[in-house]
Amino acid sequence: MEEQERSLNFIEQIVEKDLAEGVNNGRIQTRFPPEPNGYLHIGHVKAVCLDFGIAERYNGVCNLRFDDTNPVKEDVEYVDSIERDIAWLGFKWGHIYYASDYFQQLYDLAIRFIKEGKAYVDEQTAEQIAEQKGTPTEAGVASPYRDRPVEENLRLFQAMQNGEIPEGKMVLRAKIDMANPNMHFRDPIMYRIITSHPHHRTGHTWNVYPMYDFAHGQSDYFEGVTHSICTLEFVVHRPLYDYFIDQFVPQGEYRPHQYEFNRLNITYTVMSKRKMLQLVKEGLVAGWDDPRMPTVCGLRRRGYTAKAIREFIDRIGYTKVEGMIDVGLLEHTIRENLKETAPRICAIFDPVKLVITNYEGEGETIIADNIDGHEELGTREMQFGKELWIERGDFLEEADNKFFRLSPGGREVRLKSSYIIQATGCEKDAEGNITTVYATYDPNSKSGTEGGNRKTKATINWVECRSALDAEARLYDRLFAVENPAAEEGDFRDMLNPESLVVKNIKVEGSLRSELHEPVMVNGVEQENHYQLLKQGYFVVDPDTTADKLVLNRTCSLKDNYLK
Ligand code: ATP
Ligand code: MG
């Protein structure tokens, strides 16, 4: 989809209005704020495309900010993967920031809140605090610690930070309003104690860590973010976001604003990092980059291109209504993309040997288009010879006149891009299984020569035996058997599709060999080798491939069941 073709989304409209009114002197700054507690998934990509896209389109800056306020779950492994995935998607960040860069500033701000009587140390348990919250129509109950003197709050908060108070024994709460209809205003927790885990960047420097609500808006402010874009579940947090900023930023001065859009949900997929981590930890998938995972690295390994993923995000658009996107649209997008670019090759999935009895030569090389009828997209060399692999299903010993492929005494059949043959018979083992098919060929029927124009009712695939490569084909399908795993009752792990991976040993055209040793590089990033295996689907070379083992992943089938 051309950028110019689509109309502005509602966030772009807000940005254009701000630019027209000279808000922030025309400065546009966004951020993408992942928590480094898992790998990026396609839902995150929706946010990435908007955060980076807005900055690109309006000459602004988008920074990467790791929201690393919970050392229990966070790790550098995730930080590294997030950077790699954003770069692979083709986006450039201005700076890399970490919420942990602001721990001192946030701590100082908390002290200021305490001194101004806007925060207090609560010694109740998490359960007690939850019980006192009340309901949206019923006021909460004030904590017995709510009115303790400022000096005591200061001393206790310091003790929390000094490691003198065990985890879970105290929290710092904002003193706002226990009767506010917005539950987030009922004295939200600002700080909690975490001593059990070192932080991946600050080690054991801190024993208290800010909560999301106290960290996010302030971090936006410290960095100079103008448009802080997030998903709809944060609508109810926005008043608190503004409240905290109001406490230390005078009215009329620069301040960040939060805007919300709808999350991406896709059928037959779970989009929760927690559930994905569970799948990985319990070995239900092969890792975060398992080609069935909706992670960026999983999609990449599956054979999705960055271009197709971004086109998909462009197609679904941004609104303020939650919904569910048909996974067929994602599959349709990659199929359309690969249709234009993936070289075609032959592969035989259920091989039986074909011997051409009247072929006398040593073998020959056939030049075939990478994509039929598109010579400009290059050609490849196919080896041809006396013995070929063909699909078992392309031969029938006894066939009626509706069967157009090989059968003794039957019709002429074209071998893809080469000669016309006619079956003469077959050989079977003791159990009656066909082991060899026999045929004769017409030397004057080669494709590309005058005789090559002769029409046949059927064309079949083949791979020359001596040059064929053995390969492992991993046929991937949707990971879940149900349309909306999150909405179903029961454990999501019981909803996995038992046929999401089928492995087959296949024979592939030898022309693939040379390409396996010469990865295509673009801007220093190795590109995946994509192919259409004729009649079978689109495939990509898997990184498990070694000198003696070729592994091909099926990206998608040839059949489109989306726009039908
Ligand atoms: P959690 O906070 O539960 O760990 P998360 O999916 O919200 O999970 P974050 O790392 O906080 O993960 O997300 C980073 C950004 O990506 C946020 O701005 C968030 O709104 C956005 N995001 C996350 N999931 C989706 C989704 N499914 N669709 C669109 N945006 C998403
Ligand atoms: Mg989040």
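Bear in mind the structure is a predicted one, so any value in this text is a computation, not a measurement. Just so you know, ligand 1 is whichever comes first in the structure, and atom 1 is the first atom listed for that ligand.
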Can an N or O of Glu35 be found at a distance shorter than 3.5 Å from an N or O of ligand 1?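 Yes, Glu35 has an N/O under 3.5 Å of an N/O on ligand 1.
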Tell me if the aromatic rings of [X] and [Y] count as close, with their centers under 6.0 Å from one another.
X      : Y      : result
Tyr212 : Phe234 : yes
Tyr102 : Phe222 : yes
Tyr120 : Tyr145 : no

Using a 4.0 Å cut-off to any heavy atom of [X], which atoms of ligand 1 qualify?
X      : result
Phe32  : 15 (C), 16 (O)
Met271 : 27 (N)
Ala47  : 16 (O), 21 (C), 30 (N)
Thr231 : 19 (C), 20 (O), 29 (C), 30 (N), 31 (C)
Pro34  : 10 (O), 14 (C)

Is it possible for you to check whether [X] lies under 6.0 Å from the centre of the six-membered ring of [Y], through NZ or CZ, and within 45° of that ring's axis?
X      : Y      : answer
Arg201 : Tyr98  : yes
Arg292 : Tyr476 : no
Lys92  : Phe52  : no

contact_flag Asn37 ligand 1 heavy-atom lt 4.0 Å: yes
Hey, is Arg263 touching ligand 1 through its side chain, its backbone, both or neither, going by heavy atoms under 4.0 Å?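 Arg263 to ligand 1: contacts from backbone and side chain alike.
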Heavy-atom contacts under 4.0 Å between His41 and ligand 1: side chain, backbone, both, or neither? side chain
Check: of Ile82, Leu264, Ile266, min heavy-atom distance to atom 27 (N) of ligand 1 comes from Leu264
Relative to the ring of Tyr221, is the ring of Tyr254 parallel (under 30°), tilted (30 to 60°) or perpendicular (over 60°)?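 Tyr254 vs Tyr221 ring planes: parallel.
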